[in-house]
Amino acid sequence: MDVAKAPGSTWTQLANGNRGIEFIDVTLRGCAQVMFQNNPLTGLLFFAAIFVGAYAEGIPAVAWGCVLGTAVATLAGLSLKDRASWKAGLYGYNGCLVGAALPTFLEVTPVLWLCIILASVVSVIVMLCIADILNTWKVAALTAPFVLVTWMILLASYAFGGLTNTALPVPNLPHDLVAHNSNLFDGIHLLDGVFNGISEVFLISTLIGSVLFLAGLAVSSLWAAVFAVCGSLLAVLTATVLQAEHASINNGLYAFSAVLTAIALGSTFNTPSWRVLIYTLIGVIFTVFVQGALNTLLAPVGIPTLTMPFVLASWLFLVPNKDVMPAHRQ
Amino acid sequence: MDVAKAPGSTWTQLANGNRGIEFIDVTLRGCAQVMFQNNPLTGLLFFAAIFVGAYAEGIPAVAWGCVLGTAVATLAGLSLKDRASWKAGLYGYNGCLVGAALPTFLEVTPVLWLCIILASVVSVIVMLCIADILNTWKVAALTAPFVLVTWMILLASYAFGGLTNTALPVPNLPHDLVAHNSNLFDGIHLLDGVFNGISEVFLISTLIGSVLFLAGLAVSSLWAAVFAVCGSLLAVLTATVLQAEHASINNGLYAFSAVLTAIALGSTFNTPSWRVLIYTLIGVIFTVFVQGALNTLLAPVGIPTLTMPFVLASWLFLVPNKDVMPAHRQ
Amino acid sequence: MDVAKAPGSTWTQLANGNRGIEFIDVTLRGCAQVMFQNNPLTGLLFFAAIFVGAYAEGIPAVAWGCVLGTAVATLAGLSLKDRASWKAGLYGYNGCLVGAALPTFLEVTPVLWLCIILASVVSVIVMLCIADILNTWKVAALTAPFVLVTWMILLASYAFGGLTNTALPVPNLPHDLVAHNSNLFDGIHLLDGVFNGISEVFLISTLIGSVLFLAGLAVSSLWAAVFAVCGSLLAVLTATVLQAEHASINNGLYAFSAVLTAIALGSTFNTPSWRVLIYTLIGVIFTVFVQGALNTLLAPVGIPTLTMPFVLASWLFLVPNKDVMPAHRQ
């Protein structure tokens, strides 16, 4: 199982010897860090998945935005002192998601490309800010910088004629979803929900994409891949029992934050054990509630939750991690 | 006046000798901690008040939810290292309020009971999280874990067909309340407002309940009972002068957060003195403004403020407590 | 160029010798601190600008509210231990803005004057609270206490018949602004936007006011005045390119927060340099996005952003300041 290591060693030598290749290496790692992996091969597979998905959905700008965002954020990170974080791709992943999100919701214009560049640079500053603050309690910034910066631009798009909304939810007061009294699983496509839940982390829903994302995870950490699939499944089942909107469940919209919660609590910040498993289980189920809650909370202002349900649930569960877990990773 | 101590000593011996009785003791203290008291007799009187109120209003599930929530949260707290906090009931009070709040606003179904159990467990994790964060500035979590977890479930209920709203406010854009030009006190039932303000801390409005709550407080701390009544009166008067909605004033909805602010600032975290009295007075009046503000802020998303006005006002006044007060308790 | 120092020395002697004059001195400094200046002459010029503007717009209560708010907050600050901060006017500036904002949006009644007094006192407590919290990361409270306290009162005004709304935005769901396909600068009055942007920091829009504000800044720090003008210009240009509403741009509503961001990042918390200049440039442009975003976010609850865009953008850029800047002031 040296798939990840074997090319790593040669590649690492190349990356250490050449600034251009090092930059590509760090950009790839930036993409991989969206799912907490510090591995250029993972990043390559993730980018492949993004291109497949974006072209299949007819929005190539999502893929190119992803590349641009990761590269700009990585470049901006170059000017900082903390080289270890930079080399691990930790300044790149928020830019990667910013670049995927903005063309998904706004019309692709020259102003939008400028916005992606600005937002990617600002995502590095916000990353530093949140990391500094959360360092007090030894918790990571997760994807909060991406969410906050993207929310700012999306909210601002309502006030600016120069940014045109193409796929934002229409601002609306929340209303109760009426329960269907039929069989809970009628209309639920379990596999669709589970796999879309994985690719929707990058705002994409294509089966081949999901497979490539899982391959990328497995190449770096089998546990991460296992937690991703199980987290997605648990989230889809929870949302089904709670009778959430069928279309949202099938599109993976109740699962993508849960996927990240599962990887984070289950494998990234803890070593798998029975106690960790139960904690992760509660965390994943709670993430589904937070997803529903944020859907309601953001309805009047017409923006999507992005990965905020994951960020909130994981922060809540990670801050007290040391009080709950016998041994934990930082 | 050894009412609290006398049974305490025998009871404490019993509780120390038997795990089952210890669990009951801690569960009772959990209920008492909603109003900052570490006293099982207070908890017993509070539970009595809750049962009287809940059955009088025809929602017995509120009382049973309270018992279930406190017990589950106390049980979840058992797995943690901090035994001193556990013994004082500090892991139980948020579960107690979660169990009272959910059946007040949502239809009582099997899924709701599961939600109460989940939310009570999560309230312990959120308690640890907030306590960890606020420990940096030596401030307590207050009822923030209850409010946040309950808000999550109530907001999520709009998105989930499996959770049916029975008493949530209809989501609406705020509009100006028109002033009544008549006598300010026309239509105000002062005593109703003051006493309901005390029982509404537990989301209940019955006179006998209020008397039992006051008795529970007095048994543990006379000052706490005095501050509760005076805080409630001051809040009702402030809301009357500001011409808030009459029904809300009479139902104690402008007073219950102020009651908690008064007890917290006046007797729990400070030793009564003239300076403390003035500080508490300002705090209570400000709590009424925060109550009005949160009513407006939450109108578009259709959820109640719960005790958040108390939490916000008290945090604002407790963080700088050491800069303002000559001597203060932690 | 000893305009600021010359009267200062004599004045300082007077202020040190007489408690009444000292109080006036600190109140003037409180007004000056709204734009980060510790200089009584600046405060005098600012007050002159406020009176000119308020009387020109026919709302004299704005000017008298400003004086009352600054004086009450300064008085409340007297009871605290930290004399150095008190002498620098750091307890006064939030009261100054509270006193300007409340009569701008609410009907001037006896209850409103009581609200200004209460809010000014509470602004000092909130100042202590936020300063205590942010001290952990060595960041200043900026105008957050003003914004939070004023938001509370304005939100509460919807719930209280005793507080009548005169100029609050009507609560509304956000809708997309349609782009004008004509020349970007059609309908934009560049100079108006730039100068109003400076005086709108105090919620006033008069040309003479802006000139007096700039004079007040220049008397204390030429760099501050330069950054104020350039920040305002850059903000107006950014909002124009993004095609924000013309009336808002011309009234300086996209520039006033940016003015404060420019002074804060460019001259108050950093020593001017090329690196600082680029950082400030990004910060100012980002402030315009935050302004648009908060306009959307607050639309459903019908309150203005006040200077929150400045506070948020500056906190985001100041927390990581030490990681980004070689040398910085605290």
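Nothing here was measured: the structure is a model prediction, and the numbers come from that model. First the proteins, then the strands, lettered A, B, ... as listed; each starts at 1.
Contacts between residues 128-135 of chain A and chain C, defined by a heavy-atom separation under 4.5 Å, are made by A:L128, A:C129, A:D132, A:I133. Residues from residues 286-298 of chain C that place a non-hydrogen atom less than 4.5 Å from a non-hydrogen atom of chain A comprise C:F286, C:V288, C:F289, C:V290, C:G292, C:A293, C:T296, C:L297, given in numerical order.
Counted within 6.0 Å of CH2 on C:W223, heavy atoms from surrounding residues, nucleotides or ligands total 12 or fewer; the atom is thus considered open. A 6.0 Å sphere centred on CZ of C:F227 holds more than 12 heavy atoms belonging to other residues, nucleotides or ligands. At most 12 heavy atoms of other shown residues, nucleotides or ligands fall within 6.0 angstrom of atom CH2 in A:W64. For CZ of A:R83, the number of neighbouring non-hydrogen atoms (other residues, nucleotides, ligands) closer than 6.0 Å is greater than 12.
Both the backbone and the side chain of A:S79 come within less than 4.5 Å of a heavy atom in chain C. Contacts of C:S248 with chain A are absent, with no heavy-atom separation under 4.5 Å from either backbone or side chain.
When the options A:L163, A:L168, A:N165 are evaluated for a side chain to side chain contact (heavy atoms under 4.5 Å, CB included) with C:D176, the one that passes is A:N165.
By number of non-hydrogen pairs under 4.5 angstrom with chain C, the leading residue of A:V170, A:T136, A:D82, A:I153 is A:T136. Contact tally against chain C (heavy-atom pairs below 4.5 Å) for A:L118, A:L154, A:L173: the top residue is A:L118. In terms of heavy-atom pairs under 4.5 angstrom with chain C, the leader among A:V121, A:I125, A:I303, A:V149 is A:I125.
The two residues A:P300 and C:P300 come nearest to each other via the heavy atoms O-CG, 4.1 Å.
At a threshold of 4.5 Å between non-hydrogen side-chain atoms, the residues A:V122 and C:I282 count as touching.
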